[in-house]
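Nothing here was measured: the structure is a model prediction, and the numbers come from that model.
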Amino acid sequence: YTCLRRSPLETAMTDIMQIRAGLPRQARLWTFGMCEHVDGDGWRVNGEAASPVRASCLLLAARTPEETVTLESPPELAWPLTANNRILLRIDPQADIQATRIKVSAKPENGRWRDLLPFMPLSSLPYTAGCLTLATPLHSWDVYQLRLTLADLPVTGLMFNIVALLPGK
């Protein structure tokens with residue numbers, strides 16, 4: 001018999017279920033780790049594996065004010081671009097995002113990067129349920145990989161806690 005009660009595995013399973021509660025089955029969620037577990041979840045920052053500074057905290061920082069930072073999802077998302085799809089970003093609420101801009105690109109399997117959304121200020125995005133929300137346009141192809149390009153980051157950087165892809169209804 002295997003006992004899960006009061007074990008680290010039970011704690012991890014409970015955390016996973018709580019963070020995914022209320023999400024549709026087709027949703028994709030990346031938390032960059034949680035509780036004591038730190039994980040880049042397969043994301044890449046400027047072409048290198050993401051290294052969160054602590055659980056649920058991926059710090060994106062530019063070396064110079066002019067530099068852009070790219071955040072690429074793991075491949076093989078198989079995420080259809082149907083009506084009302086949304087990308088949710090939970091960032092540090094104290095971050096100064098007035099000047100920060102974001103662009104969203106995606107590529108189909110065996111394809112090239114295509115812009116889904118042009119550069120837009122983060123401050124112009126709707127803020128609901130603690131997350132910034134980006135509505136994606138309708139396309140006839142599935143997203144194999146997603147790329148978020150950020151420009152004009154705050155000097156202190158920008159902390160991402162969650163990236164989620166929610167399907168349309």
Side-chain angles (χ1 to χ4, degrees), residues 16 19-34 39-50 52 56-62 65-154 157-169:
I16 289 169
I19 198 138
R20 290 198 56 85
L23 287 178
R25 289 178 52 183
Q26 300 81 13
R28 310 287 195 280
L29 174 70
W30 296 275
T31 60
F32 307 109
M34 61 185 129
D39 188 7
D41 289 338
W43 286 76
R44 301 184 71 73
V45 177
N46 290 340
E48 297 181 11
S56 295
C57 183
L58 179 64
L59 179 64
L60 301 178
E66 302 81 29
E67 182 184 31
T68 60
V69 174
T70 60
L71 182 63
E72 290 181 4
S73 74
E76 301 178 2
L77 292 180
W79 191 54
L81 289 170
T82 57
N84 301 318
N85 277 6
R86 294 171 315 279
I87 301 170
L88 301 181
L89 307 172
R90 181 174 293 159
I91 62 171
D92 177 16
Q94 275 73 45
D96 179 18
I97 60 169
Q98 291 303 314
T100 305
R101 298 175 299 132
I102 188 167
K103 178 175 82 168
V104 180
S105 307
K107 71 176 178 179
E109 189 169 8
N110 300 322
R112 57 180 171 72
W113 289 104
R114 302 178 189 179
D115 288 347
L116 290 182
L117 299 169
F119 271 112
M120 64 184 75
L122 279 181
S123 58
S124 71
L125 299 175
Y127 195 81
T128 54
C131 294
L132 295 171
T133 305
L134 294 132
T136 61
L138 176 64
H139 285 286
S140 61
W141 47 277
D142 290 354
V143 171
Y144 179 77
Q145 195 169 15
L146 190 69
R147 176 190 286 163
L148 306 175
T149 305
L150 294 125
D152 306 320
L153 288 167
L158 188 61
M159 284 193 250
F160 272 67
N161 305 113
I162 287 177
V163 176
L165 306 179
L166 297 184
K169 296 183 172 126

Starting from the C-alpha separation in whole Å, work towards a yes-or-no answer on side-chain contact (heavy atoms from CB on, under 4.5 Å) for L134 and L116. CA-CA 10 Å; L134 294 132; L116 290 182; over 6 Å; no
Check step by step if side-chain contact (heavy atoms from CB on, under 4.5 Å) holds for D39 and W30. CA-CA 9 Å; D39 188 7; W30 296 275; over 6 Å; no
Is there a side-chain contact (heavy atoms from CB on, under 4.5 Å) between L71 and R147? Walk through the geometry before answering. CA-CA 6 Å; L71 182 63; R147 176 190 286 163; over 6 Å; no
Evaluate side-chain contact (heavy atoms from CB on, under 4.5 Å) for Y144 paired with E76, printing each intermediate quantity in order. CA-CA 5 Å; Y144 179 77; E76 301 178 2; 3.4 Å; yes
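The side-chain heavy atoms of V104 and L148, taken from C-beta on, include a pair separated by under 4.5 Å. In this structure, the side chains of T100 and P154 come closer than 4.5 Å at one or more pairs of heavy atoms. Taking the side chain as every heavy atom from C-beta outward, L146 and L165 approach each other to under 4.5 Å. Side-chain contact between L89 and C131 is absent, with no heavy atoms from C-beta onward closer than 4.5 Å. R114 is listed as a side-chain neighbour of P108, based on a closest heavy-atom distance under 4.5 Å. Side-chain contact between P74 and D41 is absent, with no heavy-atom pair separated by less than 4.5 Å. Residues T136 and W79 have side chains in contact (heavy-atom distance under 4.5 Å, counting atoms from C-beta outward). Between L158 and V69 there is no side-chain heavy-atom pair separated by less than 4.5 Å.
One finds the CG atom of D96 at 11.0 Å from the CG atom of L153 (value rounded to the nearest 0.5 Å). The CD1 atom of I91 sits 9.0 Å away from the CG atom of L150 when rounded to the nearest 0.5 Å. Residue M159 holds its CE atom at 4.5 Å from CG of D92, rounded to the nearest 0.5 Å. Between I102 atom CD1 and T68 atom OG1 the span is 12.0 Å, to the nearest 0.5 Å.
A donor-acceptor pair under 3.5 Å links the side-chain atoms of S56 to the main chain of G33, judged by distance alone. With Q145 contributing its side chain and S73 its backbone, the two residues share a donor-acceptor pair below 3.5 Å. No donor-acceptor distance shorter than 3.5 angstrom exists from the side chain of D115 to the backbone of S105, with no hydrogens or angles considered.
Shown here for A50 and V45, the closest heavy-atom pair between the two residues is CB-CG2, 3.9 Å. Here the closest heavy-atom approach between residue K107 and residue W141 is recorded as C-CZ3, 3.9 Å. Taking every heavy atom of both residues into account, D152 and P65 meet most closely at OD1-O, 4.2 Å. Between L23 and I19, the shortest heavy-atom contact is CD1-O, 4.3 Å. L77 and R28 make their closest contact through O-NH2, 2.6 Å (heavy atoms, listed as atom of the first residue, atom of the second, distance). Residues S124 and P121 share a closest heavy-atom pair of OG-O, 2.7 Å.
Residues T133 and T128 bring a donor and an acceptor atom of their side chains to less than 3.5 Å of each other.
Among L132, N161, T31, the one residue that satisfies the side chain to side chain contact (heavy atoms under 4.5 Å, CB included) test with R90 is N161.
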